[in-house]
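A short write-up of the structure that comes next.
For this chain, numbers begin at 1 and follow the sequence in order.
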Amino acid sequence: MSKHTHSFQAEVAQLLHLVTHSLYSNKEIFLRELVSNASDACDKLRFEALNDATLYEDQSNLEVRVSFDKAARTLTIQDNGIGMSTQEAIDHLGTIAKSGTKDFMSRLSGDQKQTASEQGQLIGQFGVGFYSGFIVADKITVESRRAGLKANEGVRWTSSGAGDFEVEQIERAARGTSVILHLRGDAEEYLNAWQLKQIIGKYSDHISLPILMEKEEWKEGEKEGEPGSMVKTGEWETVNKASALWSRPKKDITTEQYQDFYKSISHDHEAPLSWSHNRVEGNTEYTQLLYIPAKAPFDLWNRDKKAGVKLYVKRVFIMDDAEALMPQYLRFVKGVIDSADLPLNVSRELLQESRDVRLIRDGSVKRVLSMLEDLAKHDKHEASESADGVTDVVSDEDKAKEGKYSQFYAEFGAVLKEGLGEDFANRERLAKLLRFSSTSSDTASVSLQDYKARMKEGQEAIYYITADTLAAAKNSPQLEVFKKKGIEVLLMTDRVDEWALNYLHDFDGTPLQSVAKGAVDLGKLQDEAEKKAAEEAAEAFKPLLAKLKEALKDKAEDVRVTTRLVDSPACLVVQDDGMSQQLARMLKQAGQSAPESKPVLEVNPEHALVKKLDGSVHFHDLAHILFDQALLAEGGLPEDPAAYVKRVNALLV
Ligand SMILES: Nc1ncnc2c1ncn2[C@@H]1O[C@H](COP(=O)(O)OP(=O)(O)OP(=O)(O)O)[C@@H](O)[C@H]1O
């Protein structure tokens, strides 16, 4: 086969441009990425060979070799893993298959103009993988042969990282892949064994395969006065620890090693917020090392992305699998689960059905929730002094957890709420982890326990309101009577709140009640005189309500008098069993059908505008304005905005 030139997919060209221009300050990560690809390729071979041992050919020792040639200025990363066929080289090294990465690329090159360093930080969040080689190389040659193919079915892929790459068929006896980097003039520091070992130690120590480098020894100059130098001995040595970090005892692992391992599996450049490392024995035996990141990744909302938890069986990598190991609402968790009981050739189908996997998943969810509970417990330390004058001493370890739960919640709180609908078994634990803003706190820091502890005497429900923004929630007319009476109301502004709260009817025996649903019933919080006044008003307003109902029959289900308003003339509420206006709007925005239900208009009998209505020559216009304004106040839009403006203007002149 002769040489063929192919063009990179547009996103690859963009990625290459960004990689070479913005990752320059952190050049060395290229080695981590290429070694990790090499190790993945060996894992893949091991996995495929479970069903077909001939793929090992006569070489079953899997390894990665890193070597350099000073004279040619090349650095080579070679593995004897699965290798690539010609078509695979074209497909995998010329396109980006991962959908999340594609979205991300289009975001980066869209309207948002970030500086190079911001882009660098963003890119650092996902694996740039193979293309990171171009940070240090102006040309990359990949030579490969897929396991099982003949020696003359090798492939050579070459590119200078501009717009295209060349592919040709070659003879290659060795199975696996060599990535040969032709280093740029300013990347010669990587032609140095000591430097390479440092980087491998930093990023790739945990790789469970041996990474080999050729041994060097010091040789004096041949003649007097001639300087000595390091020369290669022809003998290869293992330069990484080659032991899976999670399989080592906790006491032998430093904080730094835990953090470095996290960075290498997550592509995150920031240290994680917390982690938990355990060996679980019992019905099924496994080791878990689970991390909670400090920052949400760019594709947190992509529910289809691969989960961050990798499954190993006795240290052999099996797969990244979303659903089987971690539920969707914990998709931000990263880490490793290594089972001692599952068969090595476990398939995806089997995973879904396996009792062991179910136990592992339950155990891992519990572990993550405990980690979060612990962070929540230590989020704030109030100096507490007991009666005998003894001040609680907070350990350094607990001190270090201060503020972490708030940080976690700001990043992942909205995702955690999905759990209310997804994970019934843990709903109560999840409910305790929720935090909200309220009429007494602008920050999302009020837990349902806090709320309950502050409830007024006679208060029988946990009140909440949902809105698009905090300002809209805070200024909602529906809150007026609650403010007047000093009753706290939770303000919910996450898009997921409405949906999630459908699954949480009560907390610790106290019902949750939306202040925008049904008639307001403050129960024991309302005194007899107030109840009587409300009944009298309802009676006295009957004729007016009937007229309003007739005027607004296309818009409102009903019109009634309310005691929930203090300063506003009117507000909209939905029937007890109805879908809130907010949720209906969200569904429509998302292109889904929402049941057409008309809201109830509630009017404030004490308000001057309402009192003026009866007998006004503008009754019809005022009725519509009243309705449209109530809609505006809760973040909606009048059905016919121009008609609304016309009506108001007619009254203004
Ligand atoms: N040494 C290798 N041996 C065999 N295949 C490889 C090798 N290096 C890369 N590939 C193939 O090229 C693909 C693209 O590699 P790249 O590093 O860009 O992304 P990735 O490994 O899929 O993702 P990430 O690096 O983010 O985990 C890989 O998925 C793999 O199929």
So do Ser364 and Val309 actually touch side chain to side chain, heavy atoms under 4.5 Å? no
So do the side chains of Ile77 and Leu181 get within less than 4.5 Å of each other, counting heavy atoms only? yes
Value for OG1 (Thr177) from CD (Gln78), rounded to nearest 0.5 Å, stands at 9.0 Å
Short side-chain donor-acceptor distance under 3.5 Å, Ser406 and Asp379: yes
Counting C-beta onward and ignoring hydrogens, is there a side-chain heavy-atom pair between Phe261 and Leu289 closer than 4.5 Å? yes
Decide whether a cation-pi geometry holds between Lys232 and Phe68; the criteria are a distance under 6.0 Å from NZ or CZ to the six-membered ring centre and an angle within 45° of the ring axis. yes
Student check: side-chain heavy atoms of Glu411 and Leu273 closer than 4.5 Å: no
Centroid separation Phe130 to Trp157 less than 6.0 Å: yes
Can you find a pair of side-chain heavy atoms, one from Ser85 and one from Val155, that are under 4.5 Å apart? no
Would you say the side chains of Asp341 and Ser339 form a donor-acceptor pair under 3.5 Å? no
Does atom CZ of Arg248 have more than 12 heavy-atom neighbours, drawn from other residues, nucleotides or ligands, at distances under 6.0 Å? yes
Hey, what's the ring geometry for Trp246 with Tyr312, parallel, tilted or perpendicular (30° and 60° as the breaks)? tilted
Asp138 vs His182 side-chain heavy atoms within contact, under 4.5 Å: yes
In this structure, which one of Glu88, Glu153, Glu57 forms a salt bridge (charged side-chain N to carboxylate O under 4.0 Å, His left out) with Arg145? Glu57
Aromatic rings Tyr258 and Tyr291: how do their planes relate, parallel, tilted or perpendicular, breaks at 30° and 60°? perpendicular
Partner residues of Phe412 under the ring-ring contact (aromatic ring centres under 6.0 Å, His included) criterion, sequence neighbours left out: Phe332, Phe408
A side-chain contact here means heavy atoms from C-beta on lying under 4.5 Å apart; do Met213 and Ile200 qualify? yes
Got Leu325 and Arg361 here, is their nearest side-chain heavy-atom distance under 4.5 Å? no
Residues, nucleotides or ligands: over 12 heavy atoms within 6.0 Å of Glu226 CD: yes
Less than 3.5 Å apart, any donor N or O on the side chain of Glu216 or Trp218 sitting next to an acceptor on the other? no
